Amino acid sequence: MTETAHPTIHPVILCGGSGTRLWPLSRKSYPKQFTALVGDESLFQASARRLSGEGFGAPVVLTGEPFRFIVMEQLAAIESAPRGVLIEPEGRNTAPAVLAAALWLAEVDPEGLMLVAPSDHVIPDGAAFRAAVRAAAPRAAAGDLVTFGIRPTRAETGYGWLELQEPGHAEADAPQPLVRFVEKPDAETAEALLAAGHYLWNGGLFLFSVQGIIAAFEAHAPEMIAPVRAAVELGEADLGFTRLAAEPWGQVAEDSIDYAIMEKARNLAVMPFAAGWSDLGDWQAVWQESGPDGAGNVVTDHATALDCEGSLLRSENAAQELVGIGLRDMIAVAMPDAVVVAPRGESQRVKEAVAALKSRKARQATEFPVDHRPWGWFESLVIGERFQVKRIVVKPGAALSLQSHHHRSEHWIVVQGTARVTVDDDVRLVGENESVYIPLGAVHRMENPGKVEMVLIEVQTGSYLGEDDIIRYEDVYARK
């Protein structure tokens with residue numbers, strides 16, 4: 001490693017999870033970190049931008065198979081190139097993910113520091129947070145495990161808390177000793193913690209040296225070392241990603257970094273942070289972080305509030321106007337395929353609604369109306385008993401896989417740009433207002449050879465129209 005005055009701080013961004021409490025905008029197929037909930041950038045993009053600058057290395061991202069190309073696309077949009085993207089075969093909570101990143105970084109920069117951060121938090125003052133990280137870096141470099149404690153602004157029952165030795169420590173601008181972790185309290189206990197003055201929220205943000213956290217796992221969770229190390233060492237490079245090996249990864253116990261390491265270690269420190277933070281855990285938090293107007297309302301485009309107070313009105317579809325009349329402290333969020341309405345104080349219960357929808361096997365519980373793919377995206381416009389109409393958008397230079405179907409035929413009508421279409425041995429260019437027919441069983445592919453997005457309307461007809469009716473022969477994205 002090149003010698004520097006201070007070790008490099010490597011951001012490790014944890015980019016998994018389903019975010020059911022922010023349904024319908026956040027779903028299993030497209031969770032909240034990829035959505036612009038507050039501001040113009042997605043939460044993931046804002047995190048990557050915030051964790052950059054002098055002293056910081058390029059980010060290391062841990063994510064799942066379905067999101068790998070979304071990660072790369074969103075980083076490219078903010079001109080950020082990752083140091084590495086590790087693909088977890090399945091979610092095993094934060095402890096195995098952190099250990100995998102540490103073992104991977106040990107081969108890259110064994111003397112470096114790791115800043116572990118979720119991808120879906122909001123910290124409005126990025127400069128203040130980077131200053132707090134730099135202030136904590138000497139303690140981390142010395143071997144301590146540093147967690148960031150957030151100055152509390154209310155008696156919050158949805159967060160864990162951190163106890164410091166005395167009230168003055170919560171005001172400090174340097175890391176302080178940690179007395180203990182406090183589990184999520186009830187309302188009465190939370191009021192007492194807030195009044196005491198020497199408790200902070202546990203923000204789920206950590207800074208430690210690569211060697212320091214590996215040593216902590218060896219001391220407190222040694223059973224994780226061998227399978228995670230094998231998953232890293234047997235991992236395969238794939239289109240710029242590192243796929244952790246599935247077999248050893250499946251042997252790792254599911255556990256959080258808090259339970260596996262932080263609550264057992266003794267070399268802990270807390271860096272107080274008072275410049276604002278939210279985990280955007282529910283719609284009430286989104287309302288709060290979005291800056292309510294003088295009447296306490298947050299109203300997005302395509303929404304109108306008449307005689308409303310303290311309410312969030314949000315429509316995600318230009319073709320769907322949302323109107324609230326006489327609402328008080330309400331949440332109303334409208335998507336093309338789903339709407340949620342609830343008192344603002346009950347917004348934590350949205351996850352119960354998702355569970356109810358799952359029990360009814362409603363696709364809206366988990367599936368986003370827009371299906372993002374590495375080549376672009378598509379949405380279903382009309383679904384009938386034996387037909388489906390889709391809008392498909394293909395990015396410049398992108399190509400779908402060479403494929404065939406057992407149960408359906410397709411008609412493609414190009415409405416923007418030019419498509420290069422393969423049907424068996426025939427390859428042709430199809431321009432705007434031109435169409436092509438794909439018979440059942442034909443081997444086919446569409447590509448966008450142009451410099452602008454290509455848009456087409458696809459009409460499918462057949463006995464079965466599911467996305468799993470596909471045989472892939474060639475695929476530049478290495479999908480199965």
Side-chain angles (χ1 to χ4, degrees), residues 1 7-17 57 59-64 83-119 133 136-137 139-148 160 162 175 177-178 180-181 202-235 242-271:
M1 185 182 76
T8 300
I9 300 168
H10 298 279
V12 174
I13 303 178
L14 306 179
C15 201
V60 177
V61 182
L62 284 100
T63 191
R83 185 67 181 265
V85 177
L86 308 185
I87 300 174
E88 299 176 80
E90 58 183 310
R92 309 302 288 169
N93 213 322
T94 54
V98 171
L99 178 56
L103 294 170
W104 188 86
L105 280 168
E107 298 298 318
V108 176
D109 181 10
E111 303 304 317
L113 304 182
M114 293 173 56
L115 175 61
V116 176
S119 58
V133 172
R139 287 289 292 271
D144 285 341
L145 310 180
V146 181
T147 184
F148 289 79
L162 307 171
L178 173 64
R180 67 183 176 109
F181 288 83
N202 182 359
L205 299 148
F206 307 99
L207 181 69
F208 23 69
S209 69
V210 171
Q211 297 302 326
I213 191 62
I214 293 174
F217 273 94
E218 290 172 342
H220 305 295
E223 70 284 354
M224 285 191 182
I225 297 286
V228 174
R229 188 184 298 279
V232 173
E233 291 179 349
L234 297 175
T242 298
R243 291 181 178 275
L244 300 176
E247 184 175 353
W249 188 257
Q251 300 170 12
V252 183
E254 196 170 334
D255 206 352
S256 71
I257 189 69
D258 280 324
Y259 287 129
I261 302 299
M262 304 303 289
E263 295 189 9
K264 300 174 183 176
R266 293 292 173 262
N267 56 329
L268 300 177
V270 179
M271 182 66 211

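Side chains are part of it too, since the values below use all heavy atoms of this structure and drop only hydrogens, waters and symmetry mates. Nothing here was measured: the structure is a model prediction, and the numbers come from that model.
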*Going through the checks in order, is the side-chain contact (heavy atoms from CB on, under 4.5 Å) test met by Thr147 and Leu162?*
CA-CA 9 Å; Thr147 184; Leu162 307 171; 4.0 Å; yes
*Begin from the C-alpha positions of Leu103 and Glu233 and carry the test side-chain contact (heavy atoms from CB on, under 4.5 Å) through to its verdict.*
CA-CA 9 Å; Leu103 294 170; Glu233 291 179 349; over 6 Å; no
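The closest side-chain heavy-atom distance from Trp249 to Arg243 is not below 4.5 Å. At least one side-chain heavy atom of Met224 sits under 4.5 Å from a side-chain heavy atom of Asp255. Taking the side chain as every heavy atom from C-beta outward, Leu207 and Met271 never approach each other to under 4.5 Å. For the pair Val228/Trp104, no side-chain contact is recorded, criterion being any heavy-atom separation below 4.5 Å from C-beta on.
Taking every heavy atom of both residues into account, Ala101 and Val12 meet most closely at CB-CG1, 3.7 Å. Taking both residues in full, the closest heavy atoms of Leu14 and Ala97 are given as CD2-CB, 4.2 Å, listed atom of the first, atom of the second, then distance. For Gly112 against His10, the heavy-atom pair with the smallest separation is CA-CD2, 4.2 Å. Contact detail for Arg266 and Glu263: the closest heavy-atom pair is NH1-O, 4.3 Å. The minimum heavy-atom distance linking Pro89 with Ala246 is given by the pair CG-CA, 3.6 Å. The heavy-atom pair separating Pro7 from Ala141 by the smallest distance is CG-CB, 4.2 Å.
Taken from OG1 in Thr242 to CG in Leu62, the straight-line distance is 10.0 Å, to the nearest 0.5 Å. Once rounded to the nearest 0.5 Å, the distance linking CG of Leu145 with NE2 of His220 reads 7.5 Å. Between the CD atom in Glu107 and the CG atom in Asp109 there is a gap of 11.5 Å [rounded to 0.5 Å]. Taken from CG in Leu244 to CD1 in Ile87, the straight-line distance is 8.5 Å, to the nearest 0.5 Å. Between Met262 atom CE and Leu268 atom CG the span is 5.0 Å, to the nearest 0.5 Å. In this structure, Thr94 OG1 and Phe206 CZ are separated by 7.0 Å, a value rounded to the nearest 0.5 Å.
At most 12 non-hydrogen atoms from other residues, nucleotides or ligands lie less than 6.0 angstrom from CD of Glu247. The neighbour count for Tyr259 OH, taken as heavy atoms of other residues, nucleotides or ligands under 6.0 Å away, does not exceed 12.
Checking side-chain atoms of Thr63 against main-chain N and O of Gly16 turns up no donor-acceptor pair under 3.5 Å. A distance-only check finds a donor-acceptor pair linking the side chain of Arg92 to the backbone of Val252 [under 3.5 Å].
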Under 3.5 Å, side-chain donor or acceptor atoms of residues 208-215 against the rest of the protein: list the pairs with distances, not counting sequence neighbours.
residue, atom, partner, partner atom, Å
Ser209, OG, Gly212, N, 2.7
Gln211, NE2, Pro110, O, 3.4

